Amino acid sequence: MGQDPPVRMSDLAVWEGTFDPQVIDEAFKSYNLTIATTVFAVGKYTRFLRDFLLSAEKHFMVGMNVQYYVFTDLPGDVPGSMTLGVGRRLKIVKVPKFGRWQEISLRRMELIQTAIEEYIHQEAHYIFCLDVDMRFHGRVGPEAVGKLVAAIHPWFYWYPRNQFPYERRNVSTAYIPLDQGDFYYQANVFGGAMEDIHRLTKTCREHLECLPLSRASVCPCPVDKSVGVEALWQEESHLNWYLLRNKPTKLLSPEYVWDDLRGSGAKEIQLVRFSSVIKDNAEVRENI
Ligand code: UDP
Ligand code: GAL
Ligand code: MN
């Protein structure tokens with residue numbers, strides 16, 4: 001502790017001061033892009049939607065076209081009276097509620113994959129997939145747009161790679177050996193061009209569903225809990241496996257995926273843009 005974060009982290013990512021917001025906004029205006037934004041609010045997580053959306057309207061891709069997709073089992077709990085900015089729309093997608101919080105979380109890969117295939121690919125140019133238990137506090141704009149975008153986890157960027165919380169059991173399809181890996185990414189935020197995120201979600205979904213040593217592309221077996229190797233951090237472990245082999249073209253600093261639990265003391269963070277709120281897991285999750 002007390003050390004500066006490693007250079008391999010600091011130099012490559014998007015940080016405050018590494019871009020000129022006005023220049024970027026001006027450049028992107030002429031592209032007239034639509035950004036699909038998926039957010040899941042299943043069960044008690046609908047309580048996070050209002051603040052998530054209100055803060056997104058203030059800070060997320062302001063001036064661009066944004067198509068929100070709210071995936072929920074409780075459409076009646078989606079805040080109805082919100083006025084969205086010009087060019088911004090919200091669609092509610094009804095989804096089933098799985099019994100375990102882990103499965104609710106990891107099934108997002110499959111649901112996003114099929115939604116991209118069925119309609120999102122026609123409705124937007126880029127897509128961002130976000131956790132709902134979060135709030136925007138600062139600008140997240142087109143500087144974050146790229147072909148394959150991922151964000152560095154706020155709790156691990158100063159650790160050596162052998163201490164990243166990757167899946168370490170080699171029977172898992174998410175296995176990463178101790179001497180591999182550049183960054184530990186948090187699954188709360190990822191995004192990119194439609195075909196890139198389609199490939200990412202499809203690959204993660206297949207790995208989540210397949211028996212550990214079978215790499216068949218279509219696999220009839222249920223989620224890997226049936227064979228006892230649900231990865232340590234579910235889809236986040238699979239995301240990290242994928243991003244090791246398909247390096248993000250845009251790397252977001254932890255400014256873009258902060259955690260309120262870490263507070264505001266970190267000297268390398270000039271601006272918290274998007275942060276997880278503190279929640280009582282035992283209260284909001286289904287099965288604990
Ligand atoms: N989620 C949900 N309902 C649940 C559990 C999870 O809607 O019962 C969705 C929600 O979008 C949440 C995401 O899955 O933000 C990831 O779960 P969670 O935020 O609990 O994981 P953490 O960020 O705490 O690891
Ligand atoms: C936690 C976070 C989890 C997961 C974990 C990885 O701080 O809440 O979602 O990313 O870190 O160790
Ligand atoms: Mn979360």
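What's counted below: heavy atoms across the whole structure, side chains too, no hydrogens, waters or symmetry copies. Just so you know, these numbers come straight off a predicted model, no measurement behind them. Atoms within each ligand, like the ligands themselves, are counted from 1 in listed order. Counting from 1, the numbers follow the sequence of the chain as shown.
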Give the atoms of ligand 1, by number and element, whose distance to some non-hydrogen atom of R285 is under 4.0 Å. 18 (P), 20 (O), 21 (O), 22 (P), 24 (O), 25 (O)
N/O of D133 under 3.5 Å from N/O of ligand 1, yes or no? yes
Taking the side chain as C-beta and beyond, is there a heavy-atom pair between R50 and S81 under 4.5 Å? yes
In Å and rounded to the nearest 0.5 Å, what is the CH2 to CG distance from W155 to D259? 6.0 Å
Distance under 4.0 Å to a non-hydrogen atom of S105: what atoms of ligand 1 satisfy this? 16 (C)
Could you tell me whether F164 and F156 have their ring centroids closer than 6.0 angstrom? no
If you have a sec, work out which protein heavy atom is nearest atom 13 (C) of ligand 1 and how many Å separate them, to one decimal? R108 NH1, 3.3 Å
Decide whether the shortest distance between a heavy atom of S276 and an atom of ligand 1 is less than 4.0 Å. no
Below 4.0 angstrom from a heavy atom of P165, which ligand 2 atoms are there? Numbered from 1 as shown, please. 12 (O)
Just to be sure I'm reading this right: ignoring hydrogens, which of I104, V39, T38 gets closest to atom 6 (C) of ligand 1? Compare them by their nearest heavy atoms. I104
Quick note on ligand 2: atoms under 4.0 Å from a heavy atom of E236 include exactly 4 (C), 6 (C), 10 (O)
Check for me whether E236 has a heavy atom closer than 4.0 Å to any atom of ligand 1. no
For this output row, return yes or no: ring centroids of F136 and F60 closer than 6.0 angstrom. yes
I want to know if ligand 1 touches K279 in the polar sense, i.e. an N/O pair below 3.5 angstrom. yes
Does D131, backbone or side chain, put an N or O under 3.5 Å from an N or O of ligand 1? yes
Under a 4.5 Å cut-off applied to non-hydrogen side-chain atoms, are F98 and L106 in contact? no
Geometric N/O contact Y45 with ligand 1, under 3.5 angstrom: yes
Within the structure provided, determine whether L252 and Q186 are in side-chain contact (heavy-atom separation under 4.5 Å). no
Have Q22 and E26 got a donor and an acceptor in their side chains that come within less than 3.5 Å? no
Return the set of protein N, O or S atoms whose distance to the Mn ion (ligand 3) is under 2.8 Å, each given as residue and atom. D131 OD2, D133 OD1, D133 OD2
Is the shortest side-chain heavy-atom distance between Y184 and N240 below 4.5 Å? yes
Taking the side chain as C-beta and beyond, is there a heavy-atom pair between V93 and Y119 under 4.5 Å? yes
When distances are taken from atom 9 (O) of ligand 2, the protein heavy atom at minimum range is Q186 NE2, 3.8 Å
K247 NZ: over 12 foreign heavy atoms closer than 6.0 Å: no
Nitrogen or oxygen atoms of G43 and ligand 1 under 3.5 Å apart: no
Should you measure from each heavy atom of F156, which atoms of ligand 2 turn up under 4.0 Å away? 6 (C), 12 (O)
For ligand 2, which atoms sit closer than 4.0 Å to a heavy atom of W155? 7 (O)
Has K44 got any heavy atom lying under 4.0 angstrom from an atom of ligand 1? no
Ligand 1 N/O within reach of V42 N/O, cut-off under 3.5 Å: yes
Ligand-side contact atoms (ligand 1) for residue partner V132, heavy atom cut-off under 4.0 Å: 10 (C), 11 (O), 15 (O)
Does the side chain of T201 come within less than 4.5 Å of E110's, by heavy atoms? no
Would you call A41 a ligand 1 contact, heavy-atom distance under 4.0 Å? yes
Counting C-beta onward and ignoring hydrogens, is there a side-chain heavy-atom pair between N246 and L200 closer than 4.5 Å? no
